[in-house]
Amino acid sequence: MHISEGILPLTTLAGGYAASAFGVAMGLRTIEDRQMVRTAMLSSAFFVTSFIHIPLGPTNIHLVLNGLVGLLAGWACFIAIGIALLLQALLFQFGGITTLGVNTLNMALPALACYLIFSPFLSIKKIPVFLTGFLCGSVSVFLSALFLSLSLVTAGESFIPAAKLVFATNIPLMFVDGLITALALQFIEKVKPEMLTS
Amino acid sequence: MKSPAKHKPQPFSRVLSEVFVFFFTLSCFLLLSPDAYAHKIHLFCRFEGTTLHGEGFFSGGNPVKNSPINIFNLENGNLLASTMTSDEGTFAVSLEEKPSIQVVLDAGQGHRATWTWDKTSEKAEISQNNFADAQNPVPAITAGLIAIAVFFGILYLWKQRHAT
């Protein structure tokens, strides 16, 4: 789900950087000392999951896990995702430096939305953690694919077919990411339940 | 607001062991993932009139499916056309003329192949730029993980300094 260099117009790139900078600033302001190790781990997980591919039918997808990052990191998800994407761009040429802002926004904004929507579910404990995790993982990938497609559309009408195709190929990922997020949350609930509510 | 009574700091040794287990698990996942060691990709194109036909495939023979193709005019750097490869890894783009172009196939994960056409010499040049195949990616991934740990370590110290 990385947008490469040289595709998006300057306004989209600048808008992406501005919005991501605001998110990172909010993350820096709200992150607490006790969240530091957790956020670093979530950032590492996000960084590494791009290398774990799952063959699915005619295509090949990799996990994103931005929903899990958002749910457990809150506003700090902008820092966790931003630094992971920066390192992916520098070390592996995934995405690019000019598109870092847009790519961070496309991944972190859905993660933040999932935090705002689903973290109350973890606190009230009326909905099973597995279901919350599945919905969180699915919704985050759905929103990321949607934002990614919309970003491509800003590059011009010629990118509309590509935007549609990108969105369609990410539909299976919604279910896979939802399942992995659900299993991860269920595991955390068993071994360290306080992590879900703090 | 912080609540020291509610959030007792964990012993450093325990934090360290948790971090070690986490990174060890990540490394195992990574080493067991065969796709971490990716394959080289190839891009071949040909003109039929002013229509450019092309095909992208991995070194094992599998087609590069549903991946973006961007065609740039080499004289001014403008993006001439964009499309996606089919399930067979093929694509076709109608151009108005036959300028000097560079076709870029981006298969993701650092897999990138280019095909360059020079209109004056009417010669094509192919190049693959594949980080994952050129070298083992695990050292770079390890460097990335260390960079993340260092970044958050610095952030921790910075937050502590500004908290007082």
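Naming: A, B, ... by sequence-line order, numbering from 1 per chain.
Here the side chain of B:Lys159 pairs no donor or acceptor atom with the backbone of A:Glu32 at under 3.5 angstrom.
No part of A:Leu86 comes within reach of chain B, as not one of its non-hydrogen atoms sits under 4.5 angstrom from that chain. Using a 4.5 Å cut-off between heavy atoms, B:Tyr156 touches chain A through backbone and side chain atoms alike. Heavy-atom distances place the side chain of B:Leu79, and not its backbone, under 4.5 Å from chain A. There is no contact between A:Leu90 and chain B, counting heavy-atom distances below 4.5 Å.
For OH of A:Tyr115, the number of neighbouring non-hydrogen atoms (other residues, nucleotides, ligands) closer than 6.0 Å is 12 at most.
Under the 4.5 Å side-chain heavy-atom criterion for ILVMFWY residues, a single connected hydrophobic cluster contains both A:Ile79 and A:Leu116. Hydrophobic clustering, with ILVMFWY side chains joined whenever heavy atoms are under 4.5 angstrom apart, groups A:Leu28 together with A:Ile83. A:Leu179 and A:Leu131 fall into different hydrophobic clusters, where Ile, Leu, Val, Met, Phe, Trp and Tyr side chains are chained together by heavy-atom contacts under 4.5 Å. Both A:Leu146 and A:Leu105 sit in one connected hydrophobic cluster of ILVMFWY residues. Membership requires side-chain heavy atoms under 4.5 Å apart, directly or through other members. Both A:Phe175 and A:Val139 sit in one connected hydrophobic cluster of ILVMFWY residues. Membership requires side-chain heavy atoms under 4.5 Å apart, directly or through other members.
Rounded to the nearest 0.5 Å, atoms CG (B:Asn66) and CG (A:Leu165) are 5.0 Å apart. Atom CE of A:Met36 sits about 11.5 Å away from atom CD1 of B:Ile154, to the nearest 0.5 Å. Atoms OG1 and CG, on A:Thr39 and B:Leu155 in that order, are 8.5 Å from each other to the nearest 0.5 Å.
With contacts defined as side-chain heavy-atom distances shorter than 4.5 Å, the pair A:Leu87/B:Leu145 does not qualify. Looking at heavy atoms from C-beta onward, B:Phe152 lies out of side-chain contact with A:Val37 at the 4.5 angstrom threshold.
When each of B:Ile146, B:Ile141, B:Ile148 is tested with A:Ser44 by the rule side-chain contact (heavy atoms from CB on, under 4.5 Å), just one qualifies, namely B:Ile148.
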